[in-house]
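The structure appears below as structure tokens.
The figures that follow rest on heavy atoms only: side chains count, while hydrogens, waters and symmetry mates do not. Letters A, B, ... are given to chains in the order of the sequence lines, protein chains preceding strands, and every chain is numbered from 1.
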Amino acid sequence: MKTTMNGNELTLYLTGEIDHHSARRIRETADGLVQQKHPTLLKLNFAGVDFMDSSGIGLIMGRYRTMLLYGGTLQVTEVPRELRKMMELSGLNSLGVLERRSESCEYTE
Amino acid sequence: MNILNETTITFESRSSNESFARSAVAAFVSQLDPTVSEVSDIKTAVSEAVTNCVVHAYQNTYGKIKIHVRILPENTVSIKISDKGCGIEDIHKAMEPLYTTSPQEERAGLGFAVMQSFCDAVSVRSKVGKGTTVTLCKKLSPRYRND
């Protein structure tokens with residue numbers, strides 16, 4: 001998984017399919033990096049994700065809690081069109097972690 | 001019932017098979033020329049049902065998961081996912097959004113809610129100690145098809 005650290009901002013570029021099987025490794029990698037680098041902002045970039053079931057929601061909620069514990073925040077960015085239905089259904093929008101994009105990406109409240 | 005085509009796959013309840021299961025169902029359904037979004041809906045719903053079998057039905061053991069896919073008239077797909085695991089005591093409770101018995105595993109408690117919103121109909125039959133069968137039904141949009 002490609003990761004970048006820019007100041008206090010850690011970005012993880014997720015790829016492939018996120019399900020119950022693959023979420024475990026992503027979770028371990030993400031939490032390991034957060035503990036090691038102490039970012040104040042964790043960005044999960046979904047541009048390279050082509051499938052996600054509700055395990056992805058569990059993954060996001062878990063990282064949201066981890067970042068709260070460390071006094072930081074989480075942002076979910078570049079969600080592909082096919083995943084938006086799942087993001088909307090999950091109620092994640094109410095946590096304010098989904099990136100607002102001026103073009104094409106409107107989430108219903 | 002007039003079954004136009006059908007297939008059955010059986011596999012072990014290992015998490016590494018979750019991807020195989022949803023891809024196999026999607027491959028079979030592809031003969032109906034579904035839209036990208038219909039394929040995504042089916043894969044997601046199957047993934048939720050299969051994950052429930054892996055995480056809940058068999059918990060710390062392994063058992064068989066069977067998927068029976070049927071293509072019915074009017075572009076309708078019926079997908080039956082069965083296990084012989086522990087069964088569900090209170091189906092109503094299990095289907096409540098955000099209810100989960102595995103919060104430590106970071107399960108969001110959205111499995112059934114996703115199945116219901118990504119399919120037209122979801123039915124669950126379960127017997128404690130015997131197993132669970134989830135049936136997903138989805139009617140695909142009418143498209144030009146070479147029958």
Response to the item:
Okay, A:Arg24 and chain B: the region with an atom under 4.5 Å from a heavy atom over there is side chain
Fill in: Joint cluster assignment, A:Leu69 & A:Leu41, ILVMFWY side-chain distance < 4.5 Å
no
Worksheet item: In terms of hydrophobic clusters joined by side-chain contacts under 4.5 Å, are B:Val124 and B:Tyr99 together?
Response: no
Practice prompt. Go through the atoms of A:Met52 and report whether side chain, backbone, both or neither lie under 4.5 Å from a heavy atom of chain B.
Written response: backbone
Worksheet item: Side chain, backbone, both or neither: which part of A:Ser90 has a non-hydrogen atom closer than 4.5 Å to chain B?
Response: both
Practice prompt. Just give me the residue among B:Val54, B:Val36, B:Asp41 that pairs up with chain A most often, heavy atom to heavy atom, under 4.5 Å.
Written response: B:Asp41
Worksheet item: How long is the span from the CZ atom in A:Arg81 to the OG atom in B:Ser37, to the nearest 0.5 Å?
Response: 11.0 Å
Item to complete: Look up atom CD in B:Glu106 and atom CD1 in A:Ile60, then write down how far apart they are to the nearest 0.5 Å.
Response: 11.0 Å
Worksheet item: Is there a chain of hydrophobic side chains (I, L, V, M, F, W, Y, each step under 4.5 Å between heavy atoms) that links B:Val50 to B:Tyr62?
Response: no
Discussion item. Could you report the tightest heavy-atom contact between B:Gly111 and A:Ser54, atom names first, then the distance?
Written reply: N-OG, 4.2 Å
Discussion item. Taking NZ in B:Lys80 as the centre, count heavy atoms belonging to other residues, nucleotides or ligands within less than 6.0 Å. Is the count above 12?
Written reply: no
Discussion item. Does B:Arg22 form a side-chain contact (heavy atoms from CB on, under 4.5 Å) with A:Asp19? I'd like the steps, not just the answer.
Written reply: CA-CA 11 Å; B:Arg22 60 178 179 263; A:Asp19 62 8; 2.9 Å; yes
Fill in: Largest heavy-atom contact set with chain A, pairs under 4.5 Å, which of B:Ser40, B:Ser19, B:Ser16
B:Ser16
Discussion item. Between B:Glu18 and A:His20, is there a side-chain donor-acceptor contact under 3.5 Å, judged purely by atom types and distance?
Written reply: yes
Worksheet item: Are B:Ile88 and B:Met95 connected, step by step, through hydrophobic side chains (Ile, Leu, Val, Met, Phe, Trp, Tyr) whose heavy atoms are closer than 4.5 Å?
Response: yes
Item to complete: Kindly compute the distance separating OG (B:Ser117) from CD (A:Glu88), expressed to the nearest 0.5 Å.
Response: 10.0 Å
Worksheet item: What do you reckon, is NZ of B:Lys139 surrounded by more than 12 foreign heavy atoms closer than 6.0 Å?
Response: yes
Worksheet entry | Lys/Arg N to Asp/Glu carboxylate O, B:Lys43 vs A:Glu82, below 4.0 Å | no
Discussion item. Please classify the contact between B:Asn17 and chain A as side chain, backbone, both or neither, with a heavy-atom cut-off of under 4.5 Å.
Written reply: neither
Worksheet item: Are B:Val114 and A:Leu89 side-chain neighbours, meaning at least one heavy-atom pair lies under 4.5 Å?
Response: yes
Worksheet item: Do A:Leu83 and A:Met61 sit in the same hydrophobic cluster, where Ile, Leu, Val, Met, Phe, Trp and Tyr count as joined when their side-chain heavy atoms come under 4.5 Å apart?
Response: yes
Item to complete: Could you tell me whether B:Glu89 atom CD has more than 12 heavy atoms of other residues or ligands within 6.0 Å of it?
Response: no
